[in-house]
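Here, residue 1 is the first one in the sequence, and each next residue gets the next number.
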Amino acid sequence: VIGCGPINSETLRFLLADRRPVCAIGLFDLDAARMESFAADLRALGFQGEIAVAPSAEALLGNCDLLAFGTSAVVPSVTTLAMCRPGTTVLH
């Protein structure tokens, strides 16, 4: 999850409600407090897997099967997806 605001909140709420197998979720947001709040909201939704807070958006790229971007940034924070594994699904 890159961007821990309302867009990605709804994206994950849908994925979890759809009973998709999600064992771990990585989070990145420029606002550390927002990441912590997002993690608490995931727990409140019943997510019991690992939640990892990443130091940067790039730190998530090579470790995920699905990337969900939900930011209001005017300038992209990620300029290449070259580090992603083949077959990674990117939601933007």
Q | Residues that Glu10 engages under salt bridge (charged side-chain N to carboxylate O under 4.0 Å, His left out), provided they are two or more places apart | A | Arg13
Q.
My understanding is that only residues two or more places apart in sequence, or in another chain, count here; which of them pass salt bridge (charged side-chain N to carboxylate O under 4.0 Å, His left out) with Arg85?
A. Asp65
Q: Would you kindly confirm whether Ile7 and Phe14 end up in one hydrophobic cluster when ILVMFWY residues are joined by side chain heavy atoms under 4.5 Å apart?
A: no
(Q) Side-chain heavy atoms under 4.5 Å apart, restricted to Ile/Leu/Val/Met/Phe/Trp/Tyr: what other residues fall into the cluster of Phe28, or is it alone? (A) Ile2, Leu30, Leu60, Leu61, Leu67, Phe69, Val78, Leu81, Met83, Val90
Q.
Is it true that, when you exclude Ile51 itself, more than 12 heavy atoms of the residues, nucleotides or ligands shown sit nearer than 6.0 Å to its CD1?
A. yes
Q. Sequence neighbours excluded, which residues qualify as side-chain hydrogen bond (donor to acceptor under 3.5 Å, both in side chains) partners of Arg34?
A. none
Q) Closest approach of Thr11 and Ala68, non-hydrogen atoms and distance? A) CG2-CB, 4.4 Å
Q) Which residue, Leu66, Ile25, Leu91, forms the side-chain contact (heavy atoms from CB on, under 4.5 Å) with Val1? A) Ile25
Q | Rounded distance (nearest 0.5 Å) linking atom CG of Leu42 with atom OG of Ser37 | A | 9.5 Å
Q.
Once side-chain hydrogen bond (donor to acceptor under 3.5 Å, both in side chains) is applied, what residue pairs with a partner in residues 40-57 remain, sequence neighbours excluded?
A. none
Q | Minimum heavy-atom distance between Ala59 and Asn63, given as atom pair plus value | A | O-ND2, 3.0 Å
Q: Kindly give the heavy-atom pair with the smallest separation between Cys4 and Leu27, and that separation in Å.
A: SG-CB, 4.0 Å
Q | side-chain contact (heavy atoms from CB on, under 4.5 Å) partners for Val53, two or more places apart | A | Met35, Glu36
Q) Say you draw a straight line from CZ of Phe38 to CG of Asp29; how long is it, rounded to the nearest 0.5 Å? A) 9.0 Å
